[in-house]
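Report on the following structure.
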Number of protein chains: 2
Amino acid sequence: MATASTSSPPSVDTIDTSYLETLLGYNARRAALSIIEVFLQDMAQYDLRPVEFSVTSLITHNPGITSRQICTALGLLPPNLVGLLNALEKRGLIERKPHPSDGRAVGLHPTPACASMMQAAEKTAAQVEVQASGKLTTAERKTLLRLLQKVYR
Amino acid sequence: MATASTSSPPSVDTIDTSYLETLLGYNARRAALSIIEVFLQDMAQYDLRPVEFSVTSLITHNPGITSRQICTALGLLPPNLVGLLNALEKRGLIERKPHPSDGRAVGLHPTPACASMMQAAEKTAAQVEVQASGKLTTAERKTLLRLLQKVYR
DNA sequence: TATTGTTATACTCTATAACTATA
DNA sequence: TATAGTTATAGAGTATAACAATA
C-alpha cells in the first residue's frame with residue numbers, strides 16, 4: 001500500500017489555494033494589497049501613504065470640509081484622524097480655519113503647496129492605475145470599478 | 001459678488017468623492033473592508049478572523065504544508081505566523097509533525113476538530129459571499145472574481 | 001441632550017534584525 | 001552558504017472611553 005499506518009506524514013509540493021480563490025473577500029484583499037504595494041512605491045516621493053493621499057485629495061476637492069465629514073466619507077475614526085491632520089498641517093499642506101456656521105467644527109483647507117503637490121500626485125496616481133491594472137483591458141478596468149462600487153455602496 | 005475677499009471660508013454640504021472613486025486602489029480597499037466587516041460578524045462564532053480562516057483552510061486543504069509555504073501563498077511574513085500557529089495548536093485545531101524529507105521544516109496538519117469546524121465554517125463563508133455580494137448578479141460576481149485575480153496574479 | 005474635536009490608551013497588524021538548527 | 005522556524009521588537013493601523021467646547 002502507498003499509505004501504510006506507519007508511513008511518514010505527507011509533504012506538500014504544490015499548494016492548493018483553489019478554495020480560497022472562490023471567496024470574494026480573499027480576492028478583494030489580495031488585489032487591494034497588490035495595488036497598495038504599487039501605490040506605496042510610486043507615492044513615496046511625496047511622502048503620502050494611501051490614507052494620507054485620500055485625506056489630502058478630499059480636502060483639495062472639498063475646501064472647508066470638516067474632520068467629521070472626512071471620517072464619514074473614508075470610514076475613519078475621529079481620534080485616528082487627529083494626528084494625521086496635525087502632520088499635514090505641520091508640513092504646510094493644510095490650514096485649519098473656523099467653520100462659518102458651526103463653532104464646534106473646523107474647516108480644513110488646502111494650501112497652495114498642497115494644490116501644486118496634489119496636481120503632481122494625481123498624475124502619479126494615474127500611473128499607479130496603469131501599473132496596477134496593466135493586465136486588464138480598459139473595458140475590464142471600467143467593469144471592475146463598477147462592480148467594486150456595487151459591493152461597498 | 002458672491003465671494004468677496006472678506007467672505008468667510010466655505011463649508012461643504014455634499015462631500016465630493018468622485019475623484020477617489022476613479023481609483024482602483026480606493027475602490028478595492030473599500031470593497032475589501034466592506035466584505036471583511038461581514039466576515040468578522042459571521043465568523044465570530046468560530047473565533048476565526050480572516051487570516052486565521054485562510055491559514056486554517058490552507059492547512060485543511062493541504063495537510064503537511066509548511067509555515068514557509070503558507071507565508072508564500074498568503075503574503076504573510078514568517079515571524080507574524082508563529083504566534084498565530086501557536087494559538088491554533090493550543091486550540092487543538094492543528095498539529096505540528098516532523099517534515100518527512102526536510103529536517104528544518106515542520107509539517108502542519110489539521111486535527112479532526114479542525115476538519116469538523118472548517119466544514120461548518122466554510123458553509124458560513126458561503127453565507128458571507130451571499131451577504132457581501134448581495135447587490136451583484138451571479139454573473140457579475142463571477143466576473144468580479146476573475147478581474148480581481150487578474151489584478152494580483 | 002447631542003455633536004465636534006481632542007486626548008489617552010489599548011489592541012491588532014505588519015515589518016526588520018538576529019538567532020538556531022538543518023540543508 | 002542558504003533556508004526554515006523562531007524570538008524580540010518596533011512601527012503602523014484601528015479601536016474604545018472620556019473630556020471640553022459648542023449646538
Side-chain angles (χ1 to χ4, degrees), chain A residues 9 11-13 15 29-30 32-34 36-37 39-41 43-44 47-55 59 64-90 94-109, chain B residues 9 11-12 15 25 29-30 32-34 36-37 39-41 43-44 47-55 59 64-90 94-109:
Chain A
S11 65
V12 176
D13 54 341
I15 307 161
R29 183 172 172 273
R30 294 302 301 262
L33 290 176
S34 147
I36 287 170
E37 193 181 336
F39 187 97
L40 287 172
Q41 290 169 359
M43 284 293 169
D47 194 18
L48 287 178
R49 274 162 300 179
V51 177
E52 288 168 341
F53 174 86
S54 296
V55 168
I59 295 172
I65 192 173
T66 68
S67 172
R68 182 66 53 159
Q69 287 177 313
I70 292 176
C71 286
T72 303
L74 298 182
L76 306 176
L77 291 171
N80 299 331
L81 195 56
V82 177
L84 199 153
L85 292 177
N86 287 341
L88 293 178
E89 192 177 33
K90 205 164 194 172
I94 65 166
E95 275 181 338
R96 295 189 223 230
K97 298 182 186 174
H99 191 278
S101 60
D102 189 336
R104 298 167 303 178
V106 178
L108 301 166
H109 299 263
Chain B
S11 64
V12 176
I15 307 162
R29 183 171 173 274
R30 294 301 301 261
L33 290 176
S34 147
I36 287 170
E37 193 181 336
F39 187 96
L40 287 172
Q41 290 170 357
M43 286 292 170
D47 195 17
L48 286 178
R49 276 161 299 180
V51 177
E52 289 169 340
F53 174 85
S54 296
V55 168
I59 295 172
I65 192 173
T66 68
S67 172
R68 182 66 51 158
Q69 287 177 311
I70 292 176
C71 287
T72 303
L74 298 181
L76 305 176
L77 292 170
N80 299 330
L81 195 55
V82 177
L84 198 152
L85 292 176
N86 287 341
L88 293 178
E89 193 177 33
K90 207 164 193 171
I94 65 166
E95 274 181 338
R96 295 190 224 230
K97 298 181 186 176
H99 190 278
S101 60
D102 189 337
R104 298 168 302 180
V106 178
L108 302 166
H109 299 262

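These numbers come from the heavy atoms of this one structure, side chains and all, not from hydrogens, waters or symmetry mates. In the text below, chain A, chain B and the rest are named by the order of the sequence lines, each starting its count at 1. Predicted, not measured: the structure shown is a model, and the values here were computed from it.
Atoms CD1 (Ile70(A)) and P (dT6(C)) sit 11 Å apart, rounded to a whole Å. When the P atom of dT6(D) is taken as reference, atom CG of Leu108(B) falls 8 Å away, rounded to whole Å. When rounded to the nearest whole Å, the span between CG of Leu81(B) and C1' of dT3(D) equals 16 Å. Atom pair Ile36(A):CD1 and dA15(C):C1' shows a separation of 16 Å (rounding to whole Å applied). Atom CG in Leu77(B) sits roughly 14 Å away from atom P in dA4(D) (whole-Å rounding). The CG atom of Leu76(A) sits 7 Å away from the P atom of dT14(D) (whole-angstrom rounding). Straight-line distance from the CZ atom of Arg49(B) to the P atom of dT14(D): 15 Å, rounded to whole Å. Here dT12(C) presents its P atom at 12 Å from CG of Leu84(B), a figure rounded to the nearest Å.
Taking for each of Leu33(A) and Thr66(A) the nucleotide of DNA chain C with the nearest heavy atom, the 5'-most of the two is the partner of Thr66(A).
Within the 4.5 Å cutoff, the side chain of Met43(A) has no heavy atoms near those of the Arg49(A) side chain. At least one side-chain heavy atom of His99(B) sits under 4.5 Å from a side-chain heavy atom of Thr66(B). Taking 4.5 Å as the limit, every side-chain heavy atom of Ile15(B) sits out of range of all side-chain heavy atoms of Ile70(A).
Side chain of Pro79(B), nearest nucleotide from dT7(D), dA15(D), dT7(C): dT7(D).
For dT6(C), the OP1/OP2 oxygens have a side-chain nitrogen or oxygen of Arg96(A) closer than 4.0 Å.
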Restricting to nitrogen or oxygen on both sides, can you table the protein-nucleotides 21-23 of chain D pairs closer than 3.5 Å?
residue: dA23(D); atom: OP1; partner: Gly103(A); partner atom: N; Å: 2.8
residue: dA23(D); atom: O4'; partner: Arg104(A); partner atom: NE; Å: 3.4

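Note that the OG atom of Ser11(B) and the CD1 atom of Ile65(A) stand 11.0 Å from one another [nearest 0.5 Å]. Here CZ of Arg29(B) is found 8.0 Å from CG of Leu74(A). Values are rounded to the nearest 0.5 Å. Rounding to the nearest 0.5 Å places CG of Leu76(B) at 5.5 Å from SG of Cys71(B).
Residue Val82(B) is in base contact, counting any heavy-atom pair closer than 4.0 Å across all strands shown.
Among all heavy-atom pairs drawn from Leu85(A) and Arg96(A), the shortest one is C-NH2, 3.8 Å.
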